[in-house]
Amino acid sequence: MHSIRPATPNDAAAVAHLAKELGSPGSVEDVDRRMTAILADGHHEVFIAEAPDGSTVGWIHVFLSLRAQTAPFAELGGMVVKETRRRQGIGRRLLEAAETWAIGCGAAKMRIRSRDTRSDAKAFYLRSGFAHSKTQRIFDKDLR
Ligand SMILES: CC(C)(COP(=O)(O)OP(=O)(O)OC[C@H]1O[C@@H](n2cnc3c(N)ncnc32)[C@H](O)[C@@H]1OP(=O)(O)O)[C@@H](O)C(=O)NCCC(=O)NCCS
């Protein structure tokens, strides 16, 4: 049975490794720096799914999104389950941990932004009680 626990900065290497499966190949140093900042911020949490042998098989990052014009809501920063461990309920348990954390923060809603091409994720979120509410266009600008 896998256990779900809050992350510590020591999890950075495992988080970075699994992030590659998301197509986000950050260096361990980069992820370490970001995790330290994220975990020091009370509006963010990361949960780790750990196998009985101590290896990390998934993670989820949830944060409270604060906007002047709307009530606070929770958002997913990312989640991934190791490819060889999918369809074993690990994603469901990670999401439950994130939702429990969000409820404890007073969030009335959870939002997930997911690329249209992620069909696994789409099926998972729909199965987990989420409904497609809107389609947005994302605008980026390089500031460097
Ligand atoms: C999306 C993801 C996190 C789901 O994790 P998981 O541990 O495999 O999910 P679970 O085993 O808890 O699945 C729960 C239910 O969701 C549905 N589901 C999950 N993956 C599915 C898939 N590929 N196709 C259809 N339904 C799926 C099923 O109903 C499943 O229950 P079942 O296996 O009893 O039928 C995982 O596929 C993943 O890491 N994908 C790549 C990264 C990614 O897309 N992350 C999201 C970025 S927005």
Side-chain angles (χ1 to χ4, degrees), residues 1-67 70-142:
M1 183 65 168
H2 301 92
S3 59
I4 308 292
R5 61 165 177 81
T8 74
N10 293 337
D11 293 306
V15 167
H17 182 70
L18 280 182
K20 291 197 176 94
E21 293 189 18
L22 261 181
S24 310
S27 71
V28 173
E29 292 72 29
D30 286 344
V31 175
D32 195 7
R33 192 166 17 83
R34 292 181 205 132
M35 285 270 288
T36 300
I38 284 170
L39 297 177
D41 185 328
H43 290 144
H44 291 253
E45 187 57 281
V46 177
F47 292 99
I48 299 288
E50 205 170 73
D53 66 1
S55 62
T56 298
V57 293
W59 59 261
I60 191 166
H61 169 205
V62 56
F63 63 98
L64 204 58
S65 204
L66 302 176
R67 314 281 168 92
T70 56
F73 61 91
E75 240 187 285
L76 281 201
M79 84 175 291
V80 62
V81 170
K82 192 174 177 164
E83 200 161 8
T84 52
R85 303 297 185 104
R86 291 181 192 162
R87 301 302 293 267
Q88 295 174 25
I90 297 169
R92 184 185 296 130
R93 293 186 57 220
L94 283 167
L95 192 55
E96 281 167 6
E99 288 177 5
T100 301
W101 177 87
I103 291 166
C105 291
K109 185 170 78 176
M110 171 95 84
R111 172 162 289 167
I112 296 170
R113 299 172 201 274
S114 181
R115 274 186 221 164
D116 223 24
T117 48
R118 292 198 193 282
S119 51
D120 287 4
K122 188 174 168 186
F124 170 70
Y125 296 136
L126 289 173
R127 179 74 177 78
S128 304
F130 289 77
H132 182 194
S133 60
K134 57 179 154 182
T135 302
Q136 288 185 321
R137 200 171 288 273
I138 307 285
F139 296 91
D140 287 333
K141 179 178 179 180
D142 197 342

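Atoms within a ligand are numbered from 1 in the order they appear, just like the ligands themselves. Both backbone and side-chain heavy atoms feed into the values below; hydrogens, waters and symmetry mates do not.
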Sub-3.5 Å donor-acceptor pair from the side chain of [X] to the main-chain atoms of [Y], do we have one?
| X | Y | value |
| --- | --- | --- |
| Asp11 | Thr8 | yes |
| Ser128 | Phe124 | yes |
| Arg118 | Leu22 | yes |

From Met110 CE over to Trp101 CH2, what is the distance, rounded to the nearest 0.5 angstrom?
9.0 Å
For Phe63, which residues count as a ring pair (Phe, Tyr, Trp, His ring centres under 6.0 Å) partner, sequence neighbours excluded?
His44, His61
Inspect the surroundings of CZ in Arg113 and state if more than 12 heavy atoms from other residues, nucleotides or ligands are less than 6.0 Å away.
yes
So which protein residues pack against ligand 1 under 4.0 Å, heavy atoms counted?
Leu22, Met79, Val80, Val81, Arg86, Arg87, Gln88, Gly89, Ile90, Gly91, Arg92, Ser114, Arg118, Asp120, Ala121, Ala123, Phe124, Tyr125, Arg127
